Amino acid sequence: MAGEKRLARTRNIGFMAHIDAGKTTVTERVLFYTKKTHRLGEVDDGTATMDWMQQEQERGITITSAVTAVEWKGSILHIIDTPGHVDFTIEVERSLRVLDGTIAIFSAVEGVEPQSETVWHQADKYRVPKLAFINKMDRIGSDFFGAVKMMVERLGTNPLITQIPMGVEDRFIGVIDLIRSKGIVWDEHSLGVEFREVSIPKEMEQEASLYRSKLVESISELDESLMEKFLNGEEISEFEMKAALRNATISMRAVPVLCGAALRNQGIQPLIDAIVDYLPSPLDIPPVEGTNPITGEREIRMAKDEESFTALAFKVMMDEGRKLVYLRIYSGVLKVGTEIYNPRLKKGEKISRIFQMHAHQRTRVEEAKTGEIVAVMGLKETTTGDSLCDRNRPILLEPIDFYKPVMSVAVEPRTSRDQEKLTESLEKLSEEDPTFHVKVDEDTGQTIISGMGELHLDVLVKRLLTEYHLEVNVGRPQVVYRETIEKEVEASAKFLKEMDDIKHVAEVFLRISPNGRGKGIEFHSELPEGTLSEEGLLSVGEGVRESSTVGVVLGYPMTDLRVTLLKANIDKDHPSMLALKIASSQALREGCRKAQPVLMEPMMEVNIIVPEEFMGEVVGDLKARKSSVEAITSKGKVTMIKALSPLTRMFGYSTDLRSLTQGRGTFSMQFSHYDKMIS
């Protein structure tokens, strides 16, 4: 029972928003008023607790999601502060995967911004209940009701206004709580720690009464028992309203809306109350589901300490060379020294330490229970998205969706002796970040790093310098072209040479034809059986393949050729495999020169999601890039565009797409095939 009481008081929540909506500022105030910190951290001064990375402090943005836990009026709040920039969207994705509720923060001036839309839809995907906090009410141009209207238009949600602002812009002094029909005013001299309840000002009584009536009506529509009371004109109590609003929030039928000015320390305590009042505990959400890796059957785990252990690894961090894995525990208890099973690896790993995290500071604990978010050491091979469980009751949870990188650059160390260090450092960074990929291009020998955008890659390159003391040169990756032919030809070549008193002689006749795109090089023989030995045929095929590695236009590898052996003349008494190989190699080169050789470039399959009003501009821009639009599909308020584009025309596309769509478009890109170069 004690475990159930603790779980009922637990909230696993996150803050999400567009960059600069004030998300980290709100988080800092929550830490201060819950006495987790004893000073107010500020993003602009580089003193924010949750923005602890050097890069975050220098740039004034959140890059990595930070975890902490606070207490408020007997409840425990596990908090994740997520980034607002689209390049770090994986941090939001993996946080939402393990959260039970989230607070979406909007600026009262800008309203619903592009990245707010993205994170809102990510939260919908994982069915995470939401609260909305309209921040920056003290700013010039702030418009509380305009922001709420944008939530309906852009997010298609059902916002329920539970507070309205007292005053606007520099006259903003507090909020009116519509459920309790009270005003709340903050004392600026106490850094917002002290606040007092006041009567609703005379000039606002009519407005407050109107919005309270709307709130009561909206809540009644969501609860049958209250609807009856409402229609009979009976008074609905504060307790009944809160209970109905909590049910509607958890079932995602409504979003309570609050407001404030975090930088001026106004509106935060009622927001923390709303988190406890309206967002779910681990007991309010459906039990976690997964698949038994042995039987393939669906299984569930109840949120109980007595249940068998189940957790999801949602984040990996390298800490001074040691691996720190962040876990959300869905059921059971985790103790130091126990072995837990990883069903993906099909092996057990031992927990050496467990930490309660506060940004990058950590406190060692001996055990962690259901509903908690902790970091552990000792998991050497576990990575982001892995399920962890009891070996006797294995379960595979739904993994985290990872986005494919869309931009690449080439990197090389300033000094050649650092090459090995670069490889090791990039490996560690890619282990932390599933959207960061590293590969060595076989054709150019370059180390290519790929990520979600220019800022993402820039941050990673700077981290190489600050964390691994590695200076690197960054350039564009060299695009590797291919060559092919456009018409069918026949060609022959004769090789005759005496080496070490042995005569090497062979003559080969080939037919060389264009092959289908993406089919590569195919070699066939039309010789009557027995004309040439198995070894002889292999030598001709080898000559063809070796010769095709260097094309006849600019020396790029050749592809999509169908090569047929028509005839082969050799010295029957002294057959030379070397002569066959060289003659077939020469015949191929000779034939390709006459067969209209052309350059081919890599074509990328591009999938773009944009709000429908920008579809025309985006399609026009794709055509200007010599892309072919394959399909356009409407899905609600967004349009999905599928196109084939030459890679050379797609450099810097993430920046261009953002400017075309006011930052609201997203895209993914992957290699499709090689095709004739578009001039």
Side-chain angles (χ1 to χ4, degrees), residues 1-14 75-78 80 93-102 122-130 246-253 278-315 325-335 338-349 351 354 367-374 376 379 382-402:
M1 194 60 195
E4 202 166 299
K5 275 187 180 173
R6 178 186 60 80
L7 280 169
R9 296 196 321 269
T10 300
R11 302 288 181 274
N12 287 313
I13 53 124
S75 292
I76 306 149
L77 277 60
H78 295 277
I80 301 182
E93 184 87 17
R94 59 182 170 188
S95 301
L96 286 168
R97 173 67 179 80
V98 297
L99 291 175
D100 301 334
T102 184
Q122 282 175 296
D124 280 345
K125 180 168 88 175
Y126 291 115
R127 294 204 52 76
V128 180
K130 296 172 275 292
R246 177 180 177 78
N247 288 334
T249 306
I250 292 171
S251 59
M252 296 184 68
R253 290 174 295 145
Y278 306 130
L279 290 179
S281 75
L283 297 174
D284 295 316
I285 56 169
V288 68
E289 281 191 28
T291 311
N292 184 315
I294 299 162
T295 64
E297 301 278 315
R298 295 295 289 168
E299 290 193 11
I300 62 165
R301 294 287 183 272
M302 304 301 289
K304 286 181 181 176
D305 291 344
E306 300 76 31
E307 177 75 273
S308 56
F309 175 75
T310 308
L312 186 78
F314 69 95
K315 184 177 165 74
V325 181
Y326 286 74
L327 306 181
R328 159 72 197 262
I329 301 173
Y330 287 103
S331 65
V333 176
L334 180 65
K335 293 185 179 178
T338 54
E339 187 190 74
I340 53 176
Y341 183 65
N342 184 324
R344 180 185 65 84
L345 298 171
K346 295 187 173 61
K347 63 193 283 192
E349 293 202 276
I351 300 291
I354 304 174
E367 64 174 24
K369 297 179 177 176
T370 301
E372 291 186 12
I373 292 174
V374 293
V376 299
L379 303 177
T382 295
T383 189
T384 303
D386 277 357
S387 303
L388 297 163
C389 56
D390 184 329
R391 188 187 283 272
N392 299 322
R393 281 195 77 200
I395 187 170
L396 262 174
L397 304 178
E398 180 194 346
I400 299 169
D401 283 341
F402 297 136

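None of the values given here were measured: they were computed from a predicted structure.
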>> Rounded at 0.5 Å granularity, tell me how far CD1 in I340 sits from OG1 in T382.
In response: 6.5 Å
> What's the shortest heavy-atom distance between L312 and Y330, and which atoms?
Replying inline: CB-CE1, 3.9 Å
>> Pair E349, Y341 - check side-chain contact (heavy atoms from CB on, under 4.5 Å), show working.
In response: CA-CA 6 Å; E349 293 202 276; Y341 183 65; over 6 Å; no
>> If you define the side chain from C-beta out and look only at heavy atoms, does anything of T249 sit under 4.5 Å from L279?
In response: yes
> For K369, which residues count as a salt bridge (Lys or Arg N to Asp or Glu O under 4.0 Å) partner, sequence neighbours excluded?
Replying inline: E367
>> S308: which residues meet the side-chain contact (heavy atoms from CB on, under 4.5 Å) condition with it, sequence neighbours left out?
In response: R301, D390, R393
>> For L396 versus R344, what's the shortest heavy-atom pair and its separation?
In response: CD2-N, 4.5 Å
> Where do K130 and D124 land on the side-chain contact (heavy atoms from CB on, under 4.5 Å) test, with the steps shown first?
Replying inline: CA-CA 9 Å; K130 296 172 275 292; D124 280 345; 2.7 Å; yes
>> I need the minimum non-hydrogen distance between E289 and I395, along with the two atoms involved.
In response: C-CD1, 4.5 Å
>> Please evaluate residues I285 and R127 with respect to the criterion side-chain contact (heavy atoms from CB on, under 4.5 Å), reporting the C-alpha separation (whole Å), side-chain torsions for both, the decisive distance (0.1 Å), and the verdict.
In response: CA-CA 10 Å; I285 56 169; R127 294 204 52 76; over 6 Å; no
> Quick one: side-chain contact (heavy atoms from CB on, under 4.5 Å) partners of T291, sequence neighbours excluded?
Replying inline: R298
> Is there a side-chain contact between V288 and S331, using heavy atoms and a 4.5 Å cut-off?
Replying inline: no
> Hey, what do you get for CD1 (I351) to CG (L379), rounding to the nearest 0.5 Å?
Replying inline: 4.0 Å
> Hey, does F314 have a side-chain heavy atom less than 4.5 Å from the side chain of I373?
Replying inline: yes
>> Run the side-chain contact (heavy atoms from CB on, under 4.5 Å) test against E339 and tell me which residues pass, sequence neighbours left out.
In response: R391
>> Using every non-hydrogen atom in the two residues, find where P282 and G371 come nearest and quote the distance to one decimal.
In response: CG-CA, 4.1 Å
> For R11, which residues count as a salt bridge (Lys or Arg N to Asp or Glu O under 4.0 Å) partner, sequence neighbours excluded?
Replying inline: none
>> Looking at every non-hydrogen atom in both residues, tell me the closest pair between L388 and F309 and how far apart they are.
In response: O-CE2, 4.0 Å
> Between T370 and E307, does any side-chain donor sit less than 3.5 Å from a side-chain acceptor?
Replying inline: no
> Looking only at heavy atoms, which two atoms of A368 and V374 are closest? And how far apart?
Replying inline: CB-CG1, 3.8 Å
>> To the nearest 0.5 Å, what is the distance between CG on L345 and CG on D386?
In response: 5.5 Å
> What residues form a side-chain contact (heavy atoms from CB on, under 4.5 Å) with I250, not counting sequence neighbours?
Replying inline: R246, P280, D284
> Under 4.5 Å between any side-chain heavy atoms of E372 and L334, yes or no?
Replying inline: no
> How many angstroms lie between CD in E4 and OG in S281, if you round to the nearest 0.5 Å?
Replying inline: 9.5 Å
